[in-house]
2 protein chains.
Amino acid sequence: MAGIEEVARRAGVSPSTVSRALRGRSGVSERTRRRITGIAEELDYSISRSASGLATGRTMCVGVIVPFVWRWFFGQIIGGAEQVLRAAGYDMMLYTTGDLESRERFFRELPVRGRVDAVLVLSMDLTEQEADRLRGLDLPLALVGHEAEGFSSVHIDDRQGTRLAVQHLINLGHRDIAMIQGLEPKPLGAIAPIIRREAFQQTLSDNDIEPRPEWMVPGAFSIGAGERAMDQLLATSTPPTAVFTYADELAMGALRSMRRHGRSVPQDMSIVGFDDHEMSEYVELTTVAQPVRAQGATAAQLLMNQLTSGSRETSVLPMPIELVVRGSTGPPRSSAELSGD
Amino acid sequence: MAGIEEVARRAGVSPSTVSRALRGRSGVSERTRRRITGIAEELDYSISRSASGLATGRTMCVGVIVPFVWRWFFGQIIGGAEQVLRAAGYDMMLYTTGDLESRERFFRELPVRGRVDAVLVLSMDLTEQEADRLRGLDLPLALVGHEAEGFSSVHIDDRQGTRLAVQHLINLGHRDIAMIQGLEPKPLGAIAPIIRREAFQQTLSDNDIEPRPEWMVPGAFSIGAGERAMDQLLATSTPPTAVFTYADELAMGALRSMRRHGRSVPQDMSIVGFDDHEMSEYVELTTVAQPVRAQGATAAQLLMNQLTSGSRETSVLPMPIELVVRGSTGPPRSSAELSGD
DNA sequence: TTGAAAGCGCTAACAG
DNA sequence: CTGTTAGCGCTTTCAA
């Protein structure tokens, strides 16, 4: 491990000149710079990030917090963010906070402290307390999924997306519509699930449909949870004719449940998802598409902007959504029969 | 940002004592430790990782290299690894090298240098040159997926897995068997795809079946690639009756192609995948299951062992595999007709 | 354009 | 059990 001193000695200059030369700072003659670069390469010199970090106070590292890595959705966002960070010369520190324990631990110990120059929170609904902990870091902060004081933010219009989905079902003739929610019974200050639930109920009301409490079932975030939720709906005395789900993965679980019960989609049940998961096309799921990679990339870019400008000004960027109609939605059986009469 | 000196002053001790106390080192009275801990908490003191890293030479950080984050398979492995690293007090630095450009860039610049205490390579087939670059780091190294000199390694028996899958097809009565490979035309020293291809051909030979070159189609790693591959197979003059695919995601693409062509599975075509993707159960895919999270976790554990023991001894751990038979495989139509006669 | 010197905040070896 | 001292390897004034 050759140090900067070694490079300096061989180049016949001082360490400061090497430092300047290697980082492209001005104040070094082109000739000297070239010589230094050559020798550094020859020696396979690589800077000590710890030393550099200690001296400058910057780590050239961004902390990314995400509930899970193994969901397609999060993987995509992370990928988008990483690309931007890498291009700007930053490395990415990954923290997953999927289960309650690791989440609490993260916000208690705040392992990003002193490790990163900025923090990117991906699709996680922060409690006010958690957001506060992060603000206390006094670093540029960004958020994908919703807005929060002190964070730059990139997000879609959850209300509008929900409306698109539900109105689509209503337009097809459905009136008995359930929702598989993305919400644990005890939310941690989650906001998107709440917005979508409210928008769901609002859209029904706007169409003079009375929301039915037993048709609002919890779903968490897995295929299995979606399956159980649909099982539950099918077990009610009068099952709905259509279901709006919080996420495509829940919808896929719902599809699985339908298949297991020998019911067909959309004849026996219309299903709409949210996200436009890469598999959704395959299972012919009607869904609300949102740009996923782009949200990660954009949020990372906002962070980079703050970092280079040195400003602490946050910004908010809305992202487009779109209803993608596929085979999982159709008119309810009753209306089909009626029209057949 | 209170420093260690501030804490020391308030506690009426020296910085070294604070350092010892906070890191749980011996040689501090319980009373003093408690007092220091209290004050540190009160001041919201957090250690400067750069300074600590510079002083100790350790970063408490592990570099994880992975082709993509957005594949279920990789997400799972990362998740498994992260859990183990976090528990051991290490943070995780993530590097994705999915496309050629970022891969070359990574191995050229080696951004892990001076940033991490160990490197974990997940399911990436390294070229000898790339492995060399990593070995030059002189850090503990681990690999998931295959073996390499100087790396601890966790992997399944690809040959055996392939044999399980292909023999299953043969036992069902298939003799016209194709393979959708996980191999780009110009491999980068990839080894698992080669092993599986060879094992595929060997298994056929062992059963006196002549492998047919036009039935060996390339597949890369996406659902789309699997779909195109199956399109290609269906377009041959005499399509096979069964297909073994390199990965479940390719198999899902193959299923999509079948559906698009109005063919049914397994009547018109039996399909076997590899991995046991979480969606595979849903699409009723017969597959070779391998532990995924566990491989990431185990590899991380091997690294932790090396780090704590300080030894540079590498170890190799085989992981179990299992054929999971679901609805995507059955006897070939001809044999079904014969038995019906 | 370059060099000398003074840290950045922590740890570790050695004394006490 | 605790303090003193001397760096870890780089950056950054300030002076030349």
Side-chain angles (χ1 to χ4, degrees), chain A residues 1-37 39-40 43-61 89 91 111-117 137-138 310, chain B residues 1-37 39-40 43-61 89 91 111-117 137-138 310:
Chain A
M1 281 291 199
I4 199 172
E5 202 144 342
E6 169 84 11
V7 179
R9 193 149 7 108
R10 297 229 200 177
V13 297
S14 73
S16 6
T17 305
V18 175
S19 173
R20 283 190 279 254
L22 259 25
R23 293 183 312 148
R25 296 277 162 131
S26 63
V28 184
S29 74
E30 208 36 57
R31 225 172 72 80
T32 317
R33 186 190 303 278
R34 234 190 290 282
R35 185 154 39 88
I36 291 175
T37 314
I39 290 176
L43 259 47
D44 197 31
Y45 166 76
S46 101
I47 194 180
S48 154
R49 315 306 296 261
S50 298
S52 164
L54 180 55
T56 60
R58 272 173 298 105
T59 63
M60 296 307 284
C61 205
D91 286 324
V112 286
R113 285 193 298 186
R115 280 233 110 130
V116 304
D117 296 337
L137 254 24
D138 195 31
Chain B
M1 280 292 199
I4 199 173
E5 201 144 343
E6 170 85 11
V7 179
R9 192 150 7 106
R10 296 230 200 176
V13 296
S14 73
S16 7
T17 304
V18 175
S19 174
R20 281 190 281 255
L22 259 26
R23 292 183 312 148
R25 294 279 164 129
S26 62
V28 184
S29 73
E30 207 36 57
R31 225 172 73 80
T32 317
R33 188 191 303 280
R34 234 191 289 282
R35 184 155 40 90
I36 292 175
T37 313
I39 292 177
L43 258 48
D44 198 31
Y45 165 76
S46 102
I47 193 178
S48 154
R49 313 307 296 257
S50 298
S52 165
L54 180 56
T56 61
R58 273 172 299 106
T59 62
M60 295 308 283
C61 203
D91 285 326
V112 285
R113 285 193 299 187
R115 281 233 109 133
V116 304
D117 297 336
L137 255 23
D138 195 32

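Below, chain A is the first sequence line, B the second, and so on; all start at residue 1.
- When only modelled atom types and interatomic distance are considered, B:Thr17 and B:Ser14 share a side-chain donor-acceptor pair under 3.5 Å.
- Distance, B:Arg9 CZ to C:dC10 P: 12 Å, rounded to whole Å.
- From A:Ile36, atom CD1 reaches atom CZ of A:Arg10 across 14.0 Å, with rounding to the nearest 0.5 Å.
- Comparing A:Ser52 and B:Ser26 along DNA chain D, the residue whose closest nucleotide (by nearest heavy atom) sits nearer the 5' end is B:Ser26.
- Applying the 4.0 Å criterion to OP1 and OP2 of D:dG9, one finds that A:Tyr45 has every side-chain N and O outside that range.
- The side-chain heavy atoms of A:Leu137 and A:Arg113, taken from C-beta on, include a pair separated by under 4.5 Å.
- An OP1 or OP2 oxygen of D:dC1 is reached within less than 4.0 angstrom by no side-chain nitrogen or oxygen of B:Thr32.
- Look at A:Ser14 and you'll find a side-chain N or O under 4.0 angstrom from OP1 or OP2 of C:dG3.
- Residue A:Ser29 has its side chain nearest to C:dT1 when only C:dT11, C:dT1, D:dT2 are considered.
- Here C:dT1 presents its C1' atom at 12 Å from CZ of A:Arg31, a figure rounded to the nearest Å.
- Side-chain contact between A:Val13 and A:Thr32 is present, with heavy atoms from C-beta onward closer than 4.5 Å.
- Nearer to the 5' terminus of DNA chain C, by closest-nucleotide assignment, is the contact made by B:Leu54 (compared with the other of B:Leu54 and B:Arg25).
- For B:Arg49 and C:dC10, the CZ to P distance is 11 Å, given to the nearest whole Å.
- For the pair B:Arg113 CZ and D:dC10 P, the interatomic distance rounds to 12 Å; values are reported in whole Å.
- Each of D:dG3, D:dC10, C:dC10 was ranked by its minimum atom distance to the side chain of B:Ala55; first place goes to C:dC10.
- The B:Ser48 side chain lies nearest to C:dC10 when the options are D:dT2, C:dC10, D:dG9.
- Judged by distance alone, with hydrogens and angles left aside, B:Ser16 brings a side-chain donor or acceptor within reach of the base of D:dT4, the pair sitting under 3.5 Å.
- Between the C1' atom of D:dT2 and the CD1 atom of B:Ile4 lies a distance of 14 Å, rounded to the nearest Å.
- Taking only side-chain nitrogens and oxygens, A:Arg20 never comes nearer than 4.0 Å to OP1 or OP2 of C:dT1.
- One can place CD of B:Glu6 at 11 Å from P of C:dC10, the figure rounded to the nearest angstrom.
- Distance from the side chain of B:Arg58 is smallest for C:dA12 among the nucleotides C:dA12, D:dT11, D:dT2.
- Separating the CE atom of B:Met60 from the C1' atom of C:dT11 is a distance of 14 Å, rounded to the nearest angstrom.
- At whole-Å resolution of the value, CD in A:Glu5 and P in C:dA4 are 11 Å apart.
- For the pair B:Thr59 and A:Arg49, the minimum side-chain heavy-atom distance is 4.5 Å or more.
- Side-chain N/O atoms of B:Ser19 and base N/O atoms of C:dA12 include no donor-acceptor pair closer than 3.5 Å.
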